[in-house]
There are 2 protein chains.
Amino acid sequence: MAHERSLPPEVERMWGREPVSRRGPRPRLDLARIAAAAIDIADAEGLAGVSMASVAARVRVATTALYRYVGSKEELLTVMADSAVPLPPEPGDLPWRDYLALWTRGNRDILLERPWLLSAARLSPPLGPRRLLWLDRLMTALGGTGLDDGEKINVATTLTGYALTDAAVVHGVGGGDPRLEEAGVKGASDYGDVLAEVLDPETYPALSAAMRAGVLRGAVGWVDDEDFLFGLNLLLDGIEALIARRASEGRADRG
Amino acid sequence: MAHERSLPPEVERMWGREPVSRRGPRPRLDLARIAAAAIDIADAEGLAGVSMASVAARVRVATTALYRYVGSKEELLTVMADSAVPLPPEPGDLPWRDYLALWTRGNRDILLERPWLLSAARLSPPLGPRRLLWLDRLMTALGGTGLDDGEKINVATTLTGYALTDAAVVHGVGGGDPRLEEAGVKGASDYGDVLAEVLDPETYPALSAAMRAGVLRGAVGWVDDEDFLFGLNLLLDGIEALIARRASEGRADRG
DNA sequence: TAAAACTATGAACGTCATACACAGTAGCTC
DNA sequence: GAGCTACTGTGTATGACGTTCATAGTTTTA
């Protein structure tokens, strides 16, 4: 057949395209249960707590039994990272801009609720069912805008990246980063104090001035919801401009 | 003293604020040499090649000697990630928009040249001299725009995130991702084929239609420079709108 | 009933980050 | 210059981890 093509093994597995075997004892597990166990551990103890041993213990199986279902730990992480993602909101008949805002916020909230996803997130393009569902819904929501498919995908990429950035910053500065917390840096304003102390005004003129003026004092400049909306609206404004441009082009073509 | 405050140890070290000791044998190494060695290894073999043992071997020292200079491997990675960053371009008297484009592209190119930075990049806010220098230059370039310091920082965060996203996508789809390459997925169009094969048109209507139409055929929709500019201009347009708004507010206040 | 196909197990290996005790070295104090 | 002190590099040891492999056990097929 023409488009016979071997998929990466974890992709085969994520999509349940494994050849089903009839002989031998019935498997006591399946990939979904293993992933769920791993996710439970990550939720409770962070990614560091997820080892083959700990996952296996949680599903009451010898460590090496997992390798019947997963080629490597890498693969397990990939599967986890996809199945930890909830279903996307449905576009309904929301205006595209509202849906994009909802979508991006949802995307970010996933990362805030499961900070380990920030580290587990494979930087390669999405191949799992859940993440692709998010992508599909976004493209649906952009249906009437006149953007072509490539542009829609680009929009999705950009918004995903923004969600990731924002979540990383909120999580990094707002709390939870063990490296900083150890040293007593508890929030944005402490972060600012650290910078103010360390920066030489001659080589860092703008930054050190800002810090000494106390930009981050009272968490202004980061962490709160306004900052998320700040960047989001930057992007949405840009997208809106693009859509408008396409619309006028379309009119011009037809007129 | 009022603002006596203990910094995280790797920050102290990155800024050379360690107490200098006069007693005992003179150290045969310093943090910079260690970081440089680790960076060399990462450049040659990727992050996976960087172990305490390999780094130590490269500087001709016993493995455990490194712990005189670095608290943990984590710390070493943090230091590496900062000192692998080159100096930022100087704003000169470029218009802010040109400089921001230059800055963001530079930011991204760093990640393309050293893909391991994508994995090493600490998701927490920057604390190293190099990254903060980039931040400072961006704030300088935004000097005459009327944005306040918090907004400038937000702009920097957003652009940094975009650079990271783009680099990750280019690197992930364009090549270099070992997971995909193994399975013969060499570029964007193969990625599209995989998706087309896997997606059920009923649950993924928009996406599967796009794939079957061959969005990614010929790398359209990803990877090439136009796609980078696409998102970048989205952001710059948004920023421009914000600056215009601030400017008119400023006039309104005065008039 | 025998073969075949598949599953789970336990032991073993190599790698890695890290802790610790020790030996050597250079400045400081007298 | 003697001896104390603080500091540096080494070697050994440990425990965790990912992964391989041979083996024993189990269910279906012939």
Side-chain angles (χ1 to χ4, degrees), chain A residues 9-10 12-13 16-35 37-38 41-42 45-80 116 119-120 178-179 182, chain B residues 9-10 12-13 16-35 37-38 41-42 45-80 116 119-120 178-179 182:
Chain A
E10 73 266 38
E12 297 273 6
R13 278 190 261 263
R17 295 168 124 252
E18 306 242 66
V20 189
S21 54
R22 286 258 144 260
R23 288 245 246 268
R26 226 176 258 104
R28 287 166 49 186
L29 298 169
D30 56 275
L31 185 51
R33 287 180 42 129
I34 294 175
I41 295 174
E45 315 170 29
L47 254 203
V50 178
S51 69
M52 288 301 182
S54 65
V55 174
R58 193 158 223 281
V59 291
R60 298 196 137 58
V61 145
T63 306
T64 55
L66 297 183
Y67 287 91
R68 291 273 157 209
Y69 302 88
V70 159
S72 68
K73 191 186 180 182
E74 261 290 305
E75 264 193 45
L76 175 56
L77 289 176
T78 304
V79 176
M80 280 175 71
W116 54 268
S119 321
R179 284 186 316 124
E182 265 172 33
Chain B
E10 73 265 37
E12 298 271 8
R13 277 190 263 261
R17 298 170 123 250
E18 305 242 65
V20 190
S21 54
R22 286 260 143 261
R23 290 246 247 266
R26 230 178 259 100
R28 286 166 50 186
L29 299 168
D30 55 275
L31 185 52
R33 287 179 44 129
I34 295 175
I41 296 174
E45 315 171 30
L47 252 204
V50 177
S51 68
M52 288 300 179
S54 66
V55 174
R58 194 157 221 284
V59 291
R60 298 196 139 58
V61 143
T63 306
T64 53
L66 298 183
Y67 288 92
R68 292 273 164 211
Y69 302 88
V70 159
S72 69
K73 191 185 181 185
E74 262 291 304
E75 265 192 45
L76 175 57
L77 289 175
T78 304
V79 175
M80 281 175 71
W116 55 267
S119 320
R179 285 186 315 123
E182 267 173 31

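All values below come from the heavy atoms of this structure, side chains included, with hydrogens, waters and symmetry mates left out. Just so we're clear, the structure is a prediction, and the values are computed from it rather than from any experiment. The chains referred to below are lettered A, B, ... by the order of the sequence lines, with proteins before strands, and numbering in each begins at 1.
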What is the distance, rounded to the nearest whole Å, between atom [atom1] of [X] and atom [atom2] of [N]?
| X | N | atom1 | atom2 | result |
| --- | --- | --- | --- | --- |
| L66(A) | dT7(C) | CG | C1' | 13 Å |
| E75(B) | dT18(C) | CD | C1' | 13 Å |
| L77(B) | dT18(C) | CG | P | 10 Å |
| K73(A) | dT15(C) | NZ | P | 19 Å |
| R68(A) | dC6(C) | CZ | P | 10 Å |
| R23(A) | dA5(C) | CZ | C1' | 5 Å |
| I41(A) | dA16(D) | CD1 | P | 16 Å |
| R60(A) | dA8(C) | CZ | P | 16 Å |

Checklist line | Donor/acceptor link under 3.5 angstrom from T64(B) side chain onto base of dG11(D) | finding: yes
Check: For A65(B) and S51(A), take the nucleotide of DNA chain D holding the closest heavy atom to each; which residue's nucleotide lies nearer the 5' end?
Finding: A65(B)
Side chain of [X], heavy atoms from C-beta onward: which of [options] has the nearest atom to it?
| X | options | result |
| --- | --- | --- |
| M52(A) | dT7(C), dC7(D), dG18(D) | dG18(D) |
| Y69(B) | dG9(D), dG10(C), dG25(D) | dG9(D) |
| P27(A) | dT7(C), dG10(C), dG24(C) | dT7(C) |

Heavy-atom pair of closest approach, residues [X] and [Y]:
| X | Y | answer |
| --- | --- | --- |
| S54(A) | G49(A) | OG-O, 2.8 Å |
| T63(B) | A56(B) | CA-CB, 3.4 Å |
| R60(A) | R28(A) | O-NH2, 3.4 Å |
| L76(A) | M52(A) | CD2-SD, 4.5 Å |

Note to self: On the nucleotide dC20(C), are OP1 or OP2 found under 4.0 Å from the side-chain N or O atoms that Y67(B) carries?
What the structure shows: no
Notebook entry, point to check: OP1 or OP2 of dT28(D) less than 4.0 angstrom from a side-chain nitrogen or oxygen of R26(A), does that happen here?
Noted result: yes
Notebook entry, point to check: Which sits closer to the 5' end of DNA chain C, G24(B) or A48(B), going by the nucleotide each is nearest to?
Noted result: A48(B)
Next item on the list: Drop me the distance from R33(A)'s CZ to Y69(A)'s OH, to the nearest 0.5 angstrom.
Entry: 9.0 Å
